[in-house]
Amino acid sequence: MEAREGGGAGGPAGGALRLGASSVKVAAAVEAWFAEAARPLPWRTSPRDPYLALVSEAMLQQTQVSRVVGRFAEFLVEFPTIEALAAADESRVLALWSGLGYYRRARSLHAAAKAVCAGEMRETDKGDTDGRTAPAFPRRADELGKLPGVGPYTAGSIASIVFGERSPLVDGNVARVLLRVHGREGHLADKATATWLWERADELVQAATSPALLNEGLMELGAMVCSPASPKCASCPLAKACRARAEGRQREIPAPRPRAKQRDLYCGVVLAHDPRRGVLVEQRVGEPGGKGVAGRMWAGMWQAPTLERADRAPTRDEVGIWINLDIEPDAERFEHGTTHRRVFFEVWRARVGAGGIKPARGRWMSRAKVAELALSNPQRRILCEL
DNA sequence: AAAGCGGGGTT
DNA sequence: AACCCAGCTTT
């Protein structure tokens with residue numbers, strides 16, 4: 001491989017260490033650093049396994065490594081191979097995703113496993129498979145990007161890190177590293193900035209000795225050294241090349257993103273427990289349907305019957321009439337925050353006596369089975385801890 | 001282009 | 001309490 005800036009020109013007249021002219025050096029520094037500093041993570045097997053990469057990348061979207069490690073292991077116990085995942089019921093896949101959030105990722109991952117195992121990617125299989133993995137597993141970023149839930153970042157990641165393709169990758173970590181090194185303002189969320197970032201990432205991966213080491217090294221550098229609030233420039237392999245560092249602007253680049261506006265949601269929950277029949281649960285509407293004040297949040301997840309309002313909490317009377325059960329006078333309250341919502345829960349216990357009154361909705365299920373369902377964290381708290 | 005989607009780690 | 005996280009899909 002060769003650096004695209006083609007070197008003959010010596011240094012630029014300015015004499016400064018310009019990244020465009022030194023992509024080879026920057027890439028080499030990142031690769032050398034990562035070869036020494038890489039954390040041992042469960043998906044960093046040697047050789048890399050495309051299925052493990054697919055699962056880990058899905059879990060890692062907008063989710064920190066420390067949150068993923070344990071869940072990754074549990075997931076693989078139940079779905080050790082892509083064939084096992086493809087053959088699974090979606091309800092089990094979602095259940096294994098419980099608490100991780102962004103539940104569409106679980107559906108997409110499941111669909112991607114099915115697509116690979118169904119041979120839909122067969123045209124990319126040029127025979128050179130190792131027999132360990134599904135023969136149809138796509139190897140190029142452009143083919144990987146056709147899988148559900150696999151966007152530009154994930155496609156570039158699997159293609160380069162697992163299969164060694166010279167394809168770039170930009171995630172939040174890489175964006176921060178590149179913006180700082182170049183001393184450039186902007187966010188990955190800006191179109192123009194994103195285009196610029198992907199171009200810089202491409203320059204580096206073209207200049208790298210190992211696309212895998214470079215790309216994973218850039219991410220690791222962003223996570224471990226070039227961190228958002230307190231970058232550890234003293235131990236950074238790119239410190240000498242970093243423009244933000246030279247200008248003392250590490251803390252200001254990138255500028256904070258505009259805050260997402262939070263909307264309020266009020267949930268009146270009925271917790272009905274009958275020693276003989278178990279607890280009353282219902283399933284939220286699934287992926288396409290998603291109407292109502294909560295949009296598509298927690299689509300398809302299970303819950304104790306929950307009455308939602310956008311403006312105020314449902315009253316005890318409203319909840320009682322809605323569920324058609326006799327409920328206790330007082331509720332237990334807690335708040336649950338997400339990026340876009342503040343959700344206020346009021347949990348009303350129902351008196352499920354011998355009256356034979358039939359609740360207006362939901363079905364009875366044993367507590368043991370409920371614990372195995374796909375539950376959001378607040379609903380797990382209600383159903384399993386209250 | 002912007003909104004929507006979970007939940008928690010870090011500072 | 002901000003700000004962010006190995007982003008993607010839908011509107």
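Computed from heavy atoms alone, side chains included, the values below leave out hydrogens, waters and symmetry copies. Throughout, a chain's letter reflects where its sequence line sits, starting with A, and its residues are numbered from 1.
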DNA chain B nearest-nucleotide lookup for Ser227(A) and Gln61(A): closer to the 5′ end is Gln61(A)
| request: Could you check if a side-chain atom of Phe137(A) sits within less than 4.5 angstrom of a side-chain atom of Ile82(A), using non-hydrogen atoms only? | output: yes
Picking from dA1(B), dC8(C), dC4(C), the nucleotide nearest the side-chain atoms of Lys191(A) would be dA1(B)
What is the nucleic acid contact for Pro258(A), judged by heavy atoms within less than 4.0 Å: base, sugar-phosphate only, or nothing?
nothing
Which of dA6(C), dG7(B), dT11(B) is nearest the side chain of Ala229(A)? It is dT11(B)
- Query: Mind checking the P distance from dG8(B) to dC8(C)? Whole angstroms is fine.
  - Reply: 23 Å
- Can you find a side chain N or O atom of Asn377(A) that sits less than 4.0 Å from OP1 or OP2 on dG6(B)? no
Here the distance between atom P of dA6(C) and atom CZ of Phe72(A), to the nearest Å, is 16 Å
In whole angstroms, the gap separating P of dC3(C) from CG of Leu188(A) amounts to 18 Å
Subject >> Check: dC5(B) base within 3.5 Å donor-acceptor of Arg105(A) side chain >> reply: no
Considering only heavy side-chain atoms of Gln64(A), the closest of dG7(B), dG7(C), dC5(C) is dC5(C)
*What interatomic distance, in whole Å, is found between P of dA6(C) and the corresponding atom of dA3(B)?*
24 Å
Hey, is the side chain of His336(A) poking within less than 4.0 Å of OP1 or OP2 on dG7(B), counting only N and O atoms? yes
### Query
Is Gly99(A) touching bases, backbone alone, or none of the nucleic acid, heavy atoms closer than 4.0 Å?
sugar-phosphate
Exercise. Which is true for Leu100(A) with a 4.0 Å heavy-atom rule: it touches a base, it touches only sugar-phosphate, or it touches nothing?
Worked result: base
If we take the C1' atom in both dC5(B) and dC4(C), what is their distance in whole Å? 16 Å
By nearest-heavy-atom nucleotide on DNA chain C, the more 5' of Asn173(A) and Gly145(A) is Asn173(A)
**Prompt:** Taking the six-membered ring for Trp, is the centroid-to-centroid distance between Trp298(A) and Tyr103(A) below 6.0 Å?
**Reply:** no
- Item | Distance below 4.0 Å between Arg263(A) side-chain N/O and dG4(B) OP1 or OP2 | yes
Rounded to whole Å, the CZ-C1' distance (Arg104(A) to dA3(B)) equals 11 Å
In whole angstroms, the gap separating P of dA6(C) from CG of Leu109(A) amounts to 19 Å
To the nearest angstrom, the NZ-C1' distance between Lys232(A) and dT11(B) comes to 11 Å
With the side chain defined as heavy atoms from C-beta on, His340(A) is closest, among dA1(B), dG4(B), dA6(C), to dG4(B)
- [ ] Can you check whether any acceptor in the base of dG6(B) is under 3.5 Å from a donor in the side chain of Ser376(A), or vice versa?
- [x] no
Over all strands shown, is Ser56(A) touching base, sugar-phosphate only, or nothing at heavy-atom distances under 4.0 angstrom?
nothing
When rounded to whole Å, the CG to C1' distance for the pair Leu375(A) and dG7(B) reads 15 Å
Counting only side-chain N and O atoms of Arg176(A), is one of them less than 4.0 Å from OP1 or OP2 of dC5(C)? yes
Can a side chain N or O of Tyr102(A) be found less than 4.0 Å away from OP1 or OP2 on dG4(B)? no
Whole-Å distance, Gln262(A) CD to dA3(B) C1', equals 15 Å
Here the gap from Glu346(A) atom CD to Glu335(A) atom CD, rounded to the nearest 0.5 Å, amounts to 12.0 Å
From the candidates dC3(C), dC5(B), dA6(C), the one with an atom nearest any side-chain atom of Pro256(A) is dC3(C)
Here the distance between atom P of dC8(C) and atom CG of Leu54(A), to the nearest Å, is 12 Å
Less than 6.0 angstrom from the centroid, inside 45 degrees of the normal: does Arg184(A) satisfy that with respect to the ring of Trp196(A)?
yes
Quick note, ring-ring contact (aromatic ring centres under 6.0 Å, His included) partners involving residues 233-284 of chain A, not counting sequence neighbours, are Tyr266(A)-Phe344(A)
Out of dG6(B), dG7(C), dC5(B), minimum distance to the side chain of Tyr153(A) belongs to dG7(C)
Just checking Val68(A): base, sugar-phosphate only, or nothing, at a heavy-atom cut-off of under 4.0 Å? nothing
Handout entry: Side-chain-base donor-acceptor pair under 3.5 Å for Thr63(A) and dG7(B)
Key = no
Nearest heavy-atom approach of Ile327(A) to Arg316(A) is O-NH2, 2.6 Å
- Query: Sub-3.5 Å donor-acceptor pair from the side chain of Thr195(A) to the main-chain atoms of Thr193(A), do we have one?
  - Reply: no
Of all heavy-atom pairs linking Ser98(A) and Leu375(A), the shortest is OG-N, 2.7 Å
Is there a side-chain contact between Trp43(A) and the phosphate of dA6(C), meaning an N or O under 4.0 Å from OP1 or OP2?
no
**Report entry** N/O (side chain, Lys261(A)) to phosphate O (OP1/OP2, dG4(B)) under 4.0 Å
**Finding:** no
Worksheet item: Expressed in whole Å, how much space separates the C1' atoms belonging to dC3(C) and dG6(B)?
Response: 16 Å
Taking only N and O in the side chain of Arg296(A), is any of them less than 4.0 Å away from OP1 or OP2 of dT10(C)? no
Return no unless some side-chain N or O of Arg107(A) is found under 4.0 Å from OP1 or OP2 of dT9(C). no
